[in-house]
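Below: the structure, in structure tokens.
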Amino acid sequence: MEHGGTALRRCVGVDPAEFAEHHWARRPLLTSAAQLGQDFSDLLTLADVDELLSTRGLRTPFLRIARNGEVVDAKRFTGPGGAGAEVADQVSSDAVLRLFSEGSTVVLQGLHRLWPPLIAFADALAAELGHPTQVNAYITPPSSQGFSPHYDVHDVFVLQVAGEKHWTIHEPVLTDPLRTQPWGERADAVAARAAEEPVVDAVLRPGDALYLPRGYLHSARALGEISAHLTIGVHDVTRWGAVESALDLVRSLAVDDPSLRTSLPLGVDLADPASTAEDVAAVIAGLHAALDRVDPSAVADRLRSRTWAQVRPEPVSPLAQSTAAAALTPDTVLRVRPRLRVQLREPVGEQVVLVTGRQHRTFPAAQRPALAELLAVGELKVGDLPGLPAEEQVELARRLVVEAVAVVPDARAGAPVHHGSR
């Protein structure tokens, strides 16, 4: 984890290095607005919530509503959008008004994909943590509770936006739960633990922040007025993720072992363990042999691919960038697509691979210096791509723009491309 980043400092009241050593994936941290020095009104306000619910054409699953710990059927607050907008699951603002007035909690999901301030904030935080992030907002009516005590299978930062909310936190019933280990499978243990003494019992006010490692039980109740908080979910990259990546590779290697493709004997009695003991032993031995052949660097690369695929780069403007790509000149400025996770590998023979998310793009090895320079500086003119003749510079630039690896800043659909200097 990199230390000193501004996004993380907005969430915790201690030095990031101290947070990494003493709190990350270990224990909760409550930070007051006074310690943080600013609130979160630049990220989301109640007026923003009303805008999202009323004029943005929101659809499920970007909205969830809960009442007394239970999720409300989406049909109760969605419907067609009217003439010319027959999509049947658009949010009905009047239905949301009714349900909210009756005490239901509104949950805006995936705001890291919808709301520009949170798109940028979630990405900055993910870059500092090294783990993908998502953002939900929970808006609770006065004196109401949205969800009963439960735990999440990812770490969270809770940022109080408006009103006050009383949080009760208890020790885990399962340390470091995976996504395949939801709290509902341990409902009795969760209920019993929630009856014990809490480790955190506090009221969050606007500008306060709370960090919870995955597994910690929590519930929250609004106090006296509308309460809203952001939950920044951190999708932890875990050792289990590496296990899954290694097993994927074992499967690929094992299929090439003829002994593991052998049919069981005719008339085998699968109800009798002794009848398959020899075959099972051969399978386990074969899997051991395959596991011994797994390249640790291949496991790491597969884990990288899975993680990068969860991070969305900045969207591109298809019409504007298509217009720009068709009109490139040596003076056109290229910029690496913001928030694109990218890796340029060493040449193999006459080719070089550029990795972005799960995609592997192959280029002539002679273009590697140009690619490396663009990635290193982030922005340069087409004519400054090193080591290539002018015609090939434009050809490479056009491919990078069309394939959304790079963008032309300030491009507009149907408009002449703006040229400038670095």
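Judged by distance alone, the side chain of Gln321 and the main-chain N or O of Val408 form a donor-acceptor pair under 3.5 Å. A donor-acceptor pair under 3.5 Å is formed between the side chain of Gln160 and the backbone N or O of Ala162. In this structure, His235 contributes its side chain and Thr133 its backbone to no donor-acceptor pair below 3.5 Å. No side-chain donor-acceptor contact under 3.5 Å links Gln310 to the backbone of Pro132. No side-chain donor-acceptor contact under 3.5 Å links His166 to the backbone of Arg221. Side chain of Arg186 to backbone of Gly184: no donor-acceptor contact under 3.5 angstrom is found. Between the side chain of Thr45 and the backbone N or O of Ser41 there is no donor-acceptor pair closer than 3.5 Å. Remark: the backbone N or O of Ala242 is not paired with any side-chain donor or acceptor of Arg302 at under 3.5 angstrom. Checking side-chain atoms of Gln109 against main-chain N and O of Pro61 turns up a donor-acceptor pair under 3.5 Å. In this structure a side-chain-to-backbone donor-acceptor pair under 3.5 Å is present from His218 to Tyr216.
Of the charged side-chain nitrogens involved, at least one lies within less than 4.0 Å of a carboxylate oxygen, so that Arg56 and Glu51 count as a salt-bridged pair. Using a cut-off of 4.0 Å between Lys/Arg side-chain N and Asp/Glu carboxylate O, Asp89 and Lys75 are scored as not salt-bridged. Electrostatic pairing of Arg239 and Asp176 does not count as a salt bridge here, judged by no charged N lying under 4.0 Å from a carboxylate O. In summary, Asp301 and Arg304 engage in a salt bridge, as defined by a charged side-chain N under 4.0 Å from a carboxylate O. Here Glu21 does not pair with Arg26 in a salt bridge; the nearest charged N to carboxylate O distance is not below 4.0 Å. Ion pairing between a basic and an acidic side chain is recognised when a charged N comes within 4.0 Å of a carboxylate O; Asp410 and Arg335 show no such pairing.
Here the straight-line distance linking atom OG of Ser148 with atom CD of Glu70 works out to 7.5 Å at 0.5 Å rounding. Between the CG atom in Leu97 and the OG atom in Ser104 there is a gap of 11.5 Å [rounded to 0.5 Å]. One finds the CD atom of Glu225 at 9.0 Å from the CG atom of Leu46 (value rounded to the nearest 0.5 Å). We find the CG-CD distance between Leu385 and Glu392 to be 10.0 Å, quoted to the nearest 0.5 Å. Rounding to the nearest 0.5 Å places CG of Leu400 at 10.5 Å from CD of Glu395. To the nearest 0.5 Å, atom CZ of residue Arg10 and atom CG of residue Asp39 are 7.5 Å apart.
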Intermediate values then yes/no, side chain to side chain contact (heavy atoms under 4.5 Å, CB included), His154 and Val234: CA-CA 6 Å; His154 51 262; Val234 183; 5.6 Å; no
Side chain to side chain contact (heavy atoms under 4.5 Å, CB included) between Arg205 and Val203, worked out: CA-CA 6 Å; Arg205 298 177 175 85; Val203 174; 4.0 Å; yes
Verdict with supporting geometry, Val135 and Leu230, side chain to side chain contact (heavy atoms under 4.5 Å, CB included): CA-CA 7 Å; Val135 184; Leu230 295 168; 4.0 Å; yes
Criterion side chain to side chain contact (heavy atoms under 4.5 Å, CB included) on Thr329 and Val382, from CA distance to verdict: CA-CA 7 Å; Thr329 74; Val382 172; over 6 Å; no
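In this structure, the side chains of Val316 and Arg337 come closer than 4.5 Å at one or more pairs of heavy atoms. Under the 4.5 Å side-chain criterion, counting only non-hydrogen atoms from C-beta, Thr31 is not in contact with Phe19. Looking only at side-chain heavy atoms (C-beta outward), Leu99 and Arg67 stay at 4.5 Å or farther from each other. Contact check for Arg339 versus Pro315: side-chain heavy atoms found under the 4.5 Å cut-off. Inter-residue side-chain proximity for Asp248 and Arg306 is flagged as met; some heavy-atom pair is nearer than 4.5 Å. Counting heavy atoms from C-beta outward, Arg193 and Tyr151 have side chains that stay 4.5 Å or more apart. Using a 4.5 Å heavy-atom threshold, the side chains of Asp384 and Gln393 count as separate. Side-chain contact check for Asp236 versus Arg214: some heavy-atom pair is nearer than 4.5 Å.
Figure legend: Arg399 and Phe363 shown as a cation-pi pair, the cationic atom lying under 6.0 angstrom from the six-membered ring centre and within 45 degrees of its axis.
Relative orientation of the Trp24 and His131 rings is tilted, given thresholds of 30° and 60° on the angle between their planes. Note on ring orientation: taking the six-membered ring where Trp is involved, the planes of His229 and Tyr138 are parallel (angle under 30°, cut-offs 30° and 60°). Using bins of under 30°, 30° to 60° and over 60° for the plane-to-plane angle, the ring pair Tyr211/Phe157 lands in the tilted bin.
Residue Arg261 places its CZ atom among more than 12 non-hydrogen atoms of other residues, nucleotides or ligands, all under 6.0 Å distant. Remark: Arg345 CZ is packed, more than 12 non-hydrogen atoms of other residues, nucleotides or ligands lying under 6.0 Å away. Within a 6.0 Å sphere centred on CD of Glu314, heavy atoms belonging to other residues, nucleotides or ligands number more than 12. In Arg398, the CZ atom is crowded: over 12 heavy atoms of neighbouring residues, nucleotides or ligands sit closer than 6.0 Å.
Defined by atom type and a distance below 3.5 Å, a donor-acceptor pair is missing between the side-chain atoms of Arg312 and His112.
Contacts classified as side-chain hydrogen bond (donor to acceptor under 3.5 Å, both in side chains) and involving residues 283-300 (residues at least two apart or in different chains) are given here: Asp295-Ser297.
Across every non-hydrogen atom of Leu29 and Gly13, the tightest pair is CD2-N, 4.4 Å. Across Leu340 and Ala404, no two heavy atoms sit closer than the pair CD2-O, 4.3 Å. Looking at every heavy atom in both residues, Val401 comes nearest to Ala325 through CG1-CB, 3.8 Å. Minimum heavy-atom separation, Ala33 to Pro206: CB-O, 3.5 Å.
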